[in-house]
Q: 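Sharing a structure here in structure tokens format.
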Protein chains: 2
Amino acid sequence: MSSISIYIAEDQGMLLGALSALLAMEEDINVVGKASNVKQAWQGIKETMPDIVLTDIEMPEMTGIELAEAISDSDLDCKVMILTTFARSGYLSRALDAGVRGYMLKDAPSEELAASIRKVQKGRKVIDPELMLSAWDNKDPLSDKERSVLRLAESGLKTEEIAQKLFLSPGTVRNYLSNAASKLNANNRIEAARIARQKGWL
Amino acid sequence: MSSISIYIAEDQGMLLGALSALLAMEEDINVVGKASNVKQAWQGIKETMPDIVLTDIEMPEMTGIELAEAISDSDLDCKVMILTTFARSGYLSRALDAGVRGYMLKDAPSEELAASIRKVQKGRKVIDPELMLSAWDNKDPLSDKERSVLRLAESGLKTEEIAQKLFLSPGTVRNYLSNAASKLNANNRIEAARIARQKGWL
DNA sequence: AATTCGATATGACAAATGTCACTAGGTCAC
DNA sequence: GTGACCTAGTGACATTTGTCATATCGAATT
């Protein structure tokens with residue numbers, strides 16, 4: 001009978017190893033490779049041609065979503081599943097655009113993982129249900145500039161410094177921040193940044 | 001021959017299950033229970049009396065450090081090991097004060113876990129080396145008030161609102177924020193909060 | 001009783017931030 | 001080529017924040 005070959009990309013060494021152990025216990029699943037960063041994963045995937053790639057999102061250098069996009073752009077025939085801590089609708093939207101077949105949360109019980117993998121292998125999609133709902137009406141209202149200005153404000157830079165980094169006038173920066181805050185119903189830049197980050201828009 | 005009994009507390013379902021699988025593969029280690037929150041873990045530990053408790057820090061309701069303190073205050077004879085994402089010196093100091101025997105990072109390779117557990121069982125301490133260094137000169141300079149004020153400022157509340165929540169005058173709040181910022185070499189409340197959080201002081 | 005100390009508060013001032021109305025140039029569709 | 005729209009900028013003003021010197025008051029110390 002056909003066993004499912006799977007490649008794992010996850011930057012937390014402990015989880016990477018533990019997931020391998022978990023999946024190794026399943027008779028019909030075969031872990032053919034693992035990596036703790038996207039670059040290495042991309043190499044390994046091209047070599048091993050797994051049925052399924054299981055990847056985290058937030059990793060150093062490049063994100064799992066970018067990995068998914070690379071795979072989708074290539075002629076590789078493998079299905080990507082995301083496994084992440086973050087229930088952020090922005091992430092899910094981007095992941096779906098990248099042709100991802102599964103989006104699961106690390107909060108979910110580990111028993112579901114193997115089951116989800118088998119579903120995806122059969123061609124079905126597996127999206128964490130609570131996320132599916134929130135992703136719908138939750139589109140990012142921010143413009144590119146607003147996003148980048150917010151990102152800098154978040155780390156405590158003052159208007160003047162943000163302006164210099166982005167080659168804008170301080171007044172413009174304040175306008176962007178003001179706009180962003182009003183779009184997000186925030187009272188100031190701090191709150192705006194917090195909200196945006198929590199939604200996965202930063 | 002004596003096998004090591006171990007109890008796992010970890011709120012991320014996926015990691016909890018995967019760690020169990022990982023440790024189950026070791027012949028001399030026996031996972032006697034697991035929980036995804038501190039309260040449940042505390043119950044389970046009293047019943048199963050494990051040799052070692054392996055716990056995360058950040059969990060809903062109560063932290064793993066509080067669990068360690070509870071165990072240390074009780075007459076239970078079990079060794080606590082912390083497994084966390086965060087390389088924050090503040091966490092480590094508090095953990096050591098609570099009598100913890102091991103402090104490992106989730107970034108570490110999973111192969112080391114079993115080895116560390118055996119070391120601790122033999123009475124040795126296992127502290128992630130890079131942390132040991134940074135913990136030394138990195139004591140929290142903040143007062144309790146400064147901490148709580150910073151925590152609220154971080155979420156975007158304005159001075160007036162913080163004052164109301166803490167039953168202080170707005171002027172006092174500003175003094176505390178100003179003090180905190182100067183202690184942390186920050187230019188404003190946002191940067192101060194960022195620094196403090198990153199060090200594990202919030 | 002006198003002194004020291006910490007926590008809290010005030011007032012005053014400078015600086016940064018938030019808001020808004022308005023201008024100027026570019027691009028794009030029609 | 002006109003109008004709609006986007007990006008960027010300006011100026012003015014109110015509000016919020018950061019800083020500092022100083023005051024009060026009770027608890028702890030001597």
Side-chain angles (χ1 to χ4, degrees), chain A residues 90 93-94 97 137-202, chain B residues 90 93-94 97 137-202:
Chain A
S93 316
R94 272 189 271 163
D97 287 345
D137 47 0
N138 256 329
K139 278 179 310 173
D140 182 353
L142 300 173
S143 73
D144 284 353
K145 292 288 178 179
E146 284 159 0
R147 242 193 310 283
S148 41
V149 161
L150 261 191
R151 251 194 289 260
L152 294 174
E154 188 186 28
S155 67
L157 296 190
K158 45 190 58 168
T159 310
E160 185 65 46
E161 298 168 318
I162 299 175
Q164 281 177 24
K165 288 222 179 204
L166 299 180
F167 306 105
L168 292 173
S169 92
T172 307
V173 170
R174 288 204 277 158
N175 285 338
Y176 284 148
L177 284 171
S178 185
N179 284 338
S182 101
K183 283 182 182 174
L184 302 176
N185 285 316
N187 288 311
N188 54 50
R189 49 182 79 190
I190 317 178
E191 203 181 343
R194 213 201 65 231
I195 294 173
R197 177 157 299 283
Q198 181 245 315
K199 298 265 193 178
W201 295 332
L202 285 193
Chain B
S93 317
R94 272 189 270 163
D97 286 345
D137 46 2
N138 257 328
K139 279 177 308 174
D140 182 352
L142 300 173
S143 74
D144 284 354
K145 291 289 174 163
E146 285 159 0
R147 242 192 310 283
S148 41
V149 161
L150 261 190
R151 252 194 288 260
L152 294 174
E154 187 186 29
S155 67
L157 297 190
K158 47 189 57 170
T159 310
E160 185 65 47
E161 298 168 317
I162 299 175
Q164 281 177 22
K165 289 223 178 202
L166 299 180
F167 307 105
L168 293 173
S169 93
T172 306
V173 170
R174 282 158 65 196
N175 287 337
Y176 285 148
L177 284 170
S178 185
N179 284 338
S182 100
K183 283 181 183 175
L184 303 175
N185 284 315
N187 287 311
N188 53 51
R189 48 181 80 189
I190 317 177
E191 206 183 339
R194 214 200 64 232
I195 295 172
R197 175 156 301 284
Q198 182 245 313
K199 298 264 192 180
W201 296 332
L202 285 193

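Keep in mind that the numbers below use all heavy atoms, side chains included, and drop hydrogens, waters and symmetry copies.
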Q: For dA8(D), does OP1 or OP2 lie under 4.0 Å from any side-chain N or O of Thr172(A)?
A: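 So the side-chain polar atoms of Thr172(A) never come under 4.0 Å of the phosphate oxygens OP1 or OP2 of dA8(D).
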Q: At 10 degrees resolution, what angle do the end axes of the helix from dA1(C)-dT30(D) to dC30(C)-dG1(D) form when each is taken over five base pairs?
A: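 That helix gives 30° between its end axes.
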Q: Could you list, one pair per line, each protein nitrogen or oxygen that sits under 3.5 Å from a nitrogen or oxygen of nucleotides 24-28 of chain D, together with the distance?
A:
none

Q: Please check if the side chain of Arg194(B) supplies one atom and the backbone of Glu154(A) the other of a donor-acceptor pair under 3.5 Å.
A: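 Not at all, since once roles are kept as given, no pair shorter than 3.5 Å links the two residues.
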Q: Name every donor-acceptor pair, under 3.5 Å, that has one atom in a side chain of residues 155-167 of chain B and the other anywhere in the protein, sequence neighbours excluded.
A:
{"residue": "Ser155(B)", "atom": "OG", "partner": "Leu152(B)", "partner atom": "O", "Å": "2.9"}
{"residue": "Thr159(B)", "atom": "OG1", "partner": "Arg189(B)", "partner atom": "NH2", "Å": "3.0"}
{"residue": "Glu161(B)", "atom": "OE1", "partner": "Lys158(B)", "partner atom": "N", "Å": "2.8"}

Q: Quick one: what's the B/S/- string for nucleotides 12-25 of chain C, heavy-atom cutoff under 4.0 Å, read 5' to 3'?
A: B----BBBB-----
Q: Please report the closest heavy-atom contact between Ala181(B) and Ala192(B), naming both atoms and the distance.
A: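 Distance-wise, the nearest heavy atoms are CA-CB, 4.0 Å.
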Q: How many Å lie between CG on Leu166(B) and P on dA7(C), as a whole number?
A: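 Roughly 15 Å, once rounded to whole Å.
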Q: Roughly, in whole Å, what's the span from NZ in Lys183(B) to P in dT19(D)?
A: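 My rounded result for the distance is 14 Å.
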Q: Not counting sequence neighbours, which residues clear side chain to side chain contact (heavy atoms under 4.5 Å, CB included) with Asp97(B)? List them please.
A: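 Once residues adjacent in sequence are excluded, Asp97(B) has no partner under the side chain to side chain contact (heavy atoms under 4.5 Å, CB included) criterion.
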Q: Roughly, in whole Å, what's the span from CG in Leu142(A) to C1' in dT7(D)?
A: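 These atoms are roughly 16 Å apart.
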Q: To the nearest 0.5 angstrom, please state how far the CG atom of Leu202(A) sits from the CZ atom of Arg197(A).
A: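 With rounding to 0.5 Å, CG (Leu202(A)) is 5.0 Å from CZ (Arg197(A)).
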Q: Mind listing the side-chain donor-acceptor pairs of residues 170-178 of chain A below 3.5 Å, one per line with the distance, residues two or more places apart or on another chain?
A:
{"residue": "Thr172(A)", "atom": "OG1", "partner": "Ser169(A)", "partner atom": "OG", "Å": "3.1"}

Q: Between atom OH in Tyr176(A) and atom C1' in dT10(D), what is the gap in whole Å?
A: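 Roughly 14 Å, once rounded to whole Å.
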Q: Mind checking the CG-CG spacing from Leu184(B) to Leu142(B)? Nearest 0.5 Å is all I need.
A: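 Rounded to the nearest 0.5 Å, the CG-CG separation comes to 5.0 Å.
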Q: Can you tell me how far apart NZ (Lys145(B)) and CG (Asn179(B)) are? Round to the nearest 0.5 Å.
A: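 One gets 13.5 Å once the value is rounded to the nearest 0.5 Å.
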Q: Are OP1 or OP2 of dT10(D) and a side-chain N or O of Ser169(A) less than 4.0 angstrom apart?
A: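 So the side chain of Ser169(A) is within the cut-off, an N or O lying under 4.0 Å from OP1 or OP2 of dT10(D).
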Q: Quick check for you: to the nearest 0.5 Å, what is the distance between Glu146(A) atom CD and Leu150(A) atom CG?
A: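 So the CD of Glu146(A) and the CG of Leu150(A) are separated by 7.5 Å.
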